[in-house]
Amino acid sequence: MMIRELVIVCHPFSVCVPVNYKVTLSVSAEGTGILCYQWFTDNEQEVPGATQAELTFEAQRTQRYVCRVNDRFCNCVFSEWVKVKVLDVDKPGAWQGEPHIVVHPKLKTVQQGEKLTLSCAALGVPLPVYRWYKNGQALDGKSTMTDTLQIDHAAAEHAGSYICSVSNVLEERWTEAADVDIIVIPDRPASTTATASDKVALLIGNLNYSHHPGLLAPTMDVHTLANLLQQLGFRVVSLLDLTREEMLAAIDKFIQLLDKGVYGHGYERSGRNYLVPVDAPQPYQPDNCVCVQRVMLHMQEKRTALSVVLLDTCRKWYNQDCIPSEIRPLEPSGNTVYGYATCENAEAFEVQDGGKSTGIFTKYLNKHILQSAKITHVLEQVSEDLGRDPLVTGRQVVEIKHTLKESRSLADPVRTAGHTKELCLRDACWRQANELPRKKRLRFPCGVEVEVSFSALFSNVMVAFAIVKAAGPTTQDCSVTLTSIPAMEDIFSGLGRPDEMDSLLYSDNHDCTLTLCGLQKLQGPLVIKVDMHYTHINSKLRLKESQQLDIGKPLVASCKLYKRKPTSIKKREDAHSMGAISKPPVRQTRVTSCRPITRKAECATRVTTARSNQPEENDESELDFTS
């Protein structure tokens, strides 16, 4: 008998589908006699029971597959590998496998020389083919034929409007256009551009004080500034409402991110050169606060290439007999910048800008911070804008002090070459404070399916969202509520919350939201209780079923800020200064906070010489800058 060669005449093809979509992979082969089939996954494990020419399953995660075909003469041949790419999205209505775009490229502003990345994603059976265009012209090269377009070193000619064609045998679709702007640094040769091995930022905003009047502006100021710093390439940890011990612990964690080659940023709170925590008593004293000079000392010991301290706080003192304090001289390492929202013996103000509460210093800082100019030039523009604002004319003037010896900008690009090990360590530390729980779909006994997802507003503030994804066969009028175990305070629920917070906290796309604040206080896992209410179709009774979802320690809770050792700052400083090793500065770091004490600008005309009803600033006669 003549033995015919065993060959595959039709290979399976790759697909991109929504989660839980039923996928069928098939192979067609020709040979002698009865042929046998076995499907394998990309870890070379057999798929149980997959012994037919067709493999049908519900796709749960992205995975590769291959089929082995055998004949009775022990000949075998393998099909081509195919990928089943799974996106965590809902199936489009009446979808037949044509390209369906779920992620469009977004507009980008990047520094000249930085990496430019544009991405899109689309469902498709078979897997869509991508082709990128710039200003209507098709781009050449293999890298332009994938869902991600990457340009390692952006130049001026890369600016323009980008769009991607997505197609398969069924149809062709086009993404939305994304405009790309390239920031070119004038009068600076590319070879001499200052760079950082990393850029990190710690933002602290205290608004709900235990013994002092609360504030409105810090919430949105921190949120907005965090977004702007992320656009500049900073790793941002943003925290609200910290006690003194939590602030010290957060600073300790932040200092771990500082190393040779990193960019950094410093901060001050209320009370002249002190950071005021939410648990500060009335009146507060230096021992109840965190000294900003000591924070800067720790930053300098790390030999950061640039340390920026922005102080959006009152500097008004009420003991008129005291001697005005000054920042003590720092070690001559250079590249340190202080930006005061106001000058000595003056107040800083909050304003209503388009219905939003903001510190007036932060308002103009946010306007200019994305510029690639030298940091001192940026602060000078902030000072000029604030000086022209009629609300604070004659009452608030920006003060700038610096020892900047190099032309450094917050927009300087990151160059990681030679810093791989240190970057990996910092990356692990940063990710620890920014890890969110994964989306989870719960199925209740009555058949209702509820999806719970999470979003981070700040590194210690998270919002849980719930939505009913599918009703049960005997249910109607389904609704869902969320609670947490332990119960977490919602610092935004009180009266006077800024209206703009509603856009951050709530979404029309969800049935229920739960705001979880103060995650740094968690000492154990956080459990989300999901109560699903429904009406039984037959009995018409209103019933409830519940499930619990253990999400561990999300975001900054995993950093265990509550476990900081109760060592005094002075002892720790002595230890650092004695063990400091002189290294050439290569890195830059950033820490900022909102103001603890500000005044409403609209009240400025009513300020008199009478004693203020605001909490007292630190008595300058008691400040000890030598300890």
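Sequence positions, counted from 1, serve as the residue numbers for this chain.
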Residue pair Arg244 / Cys289, side-chain heavy-atom distance below 4.5 Å = no

Open item on the list: Would Val461 and Leu519 count as a side chain to side chain contact (heavy atoms under 4.5 Å, CB included) here? Give the steps.
Closed with: CA-CA 6 Å; Val461 179; Leu519 295 177; over 6 Å; no

One should read off an interatomic distance between Met247 CE and Leu202 CG, to the nearest 0.5 angstrom, of 9.0 Å

Heavy atoms of Leu116 and Tyr162 approach each other most closely as CD2-OH, 4.5 Å

Heavy-atom nearest pair, Leu228 first then Ile369, reads CD1-CG2, 3.7 Å

When every non-hydrogen atom of Ala280 is compared with those of His211, the smallest separation belongs to O-CD2, 3.3 Å

Nearest heavy-atom approach of Val392 to Phe349 is CG1-CD1, 3.7 Å

Taken to the nearest 0.5 Å, the spacing of Leu561 CG from Ser558 OG works out to 9.0 Å

Problem set entry | Criterion side chain to side chain contact (heavy atoms under 4.5 Å, CB included) on Ile182 and Val110, from CA distance to verdict | CA-CA 5 Å; Ile182 307 299; Val110 298; 3.4 Å; yes

Shortest non-hydrogen pair, Ala411 vs Lys199, comes out as C-NZ, 3.7 Å

The side chain to side chain contact (heavy atoms under 4.5 Å, CB included) partners of Asp179 (sequence neighbours excluded) come to Ser161

Output for pair (Thr243 OG1, Asn206 CG), nearest 0.5 Å, gives 9.0 Å

Across all chains, not counting sequence neighbours, the side chain to side chain donor-acceptor pair (under 3.5 Å) partners of Asn135 are none

So CG of Asn208 and OG1 of Thr219: to nearest 0.5 Å the spacing works out to 7.5 Å

Residues at least two apart in sequence or cross-chain that pass side chain to side chain donor-acceptor pair (under 3.5 Å) with Gln381, listed by chain then number, are His368, Gln371

Hits for side chain to side chain donor-acceptor pair (under 3.5 Å) against Asn288, two or more places apart or cross-chain, chain-then-number order -> none

_Any carboxylate oxygen within less than 4.0 angstrom of a Lys/Arg side-chain nitrogen, looking at Asp181 and Lys108?_
no

Hits for salt bridge (Lys or Arg N to Asp or Glu O under 4.0 Å) against Lys521, two or more places apart or cross-chain, chain-then-number order -> Glu246

Closest non-hydrogen atoms of Leu240 and Ile491, given as atom of the first, atom of the second and distance, are CD1-CD1, 3.9 Å

Rounding to 0.5 Å, atoms CZ (Phe458) and SG (Cys517) come to a distance of 9.0 Å

Contacts satisfying salt bridge (Lys or Arg N to Asp or Glu O under 4.0 Å) that involve residues 376-391 (not counting sequence neighbours) are Lys367-Asp385, Asp385-Arg388

Point to revise | Greater than 12 external heavy atoms within 6.0 Å of Glu489's CD | key: no

Separation between CG (Leu239) and CG (Asn460), nearest 0.5 Å, reads 4.5 Å

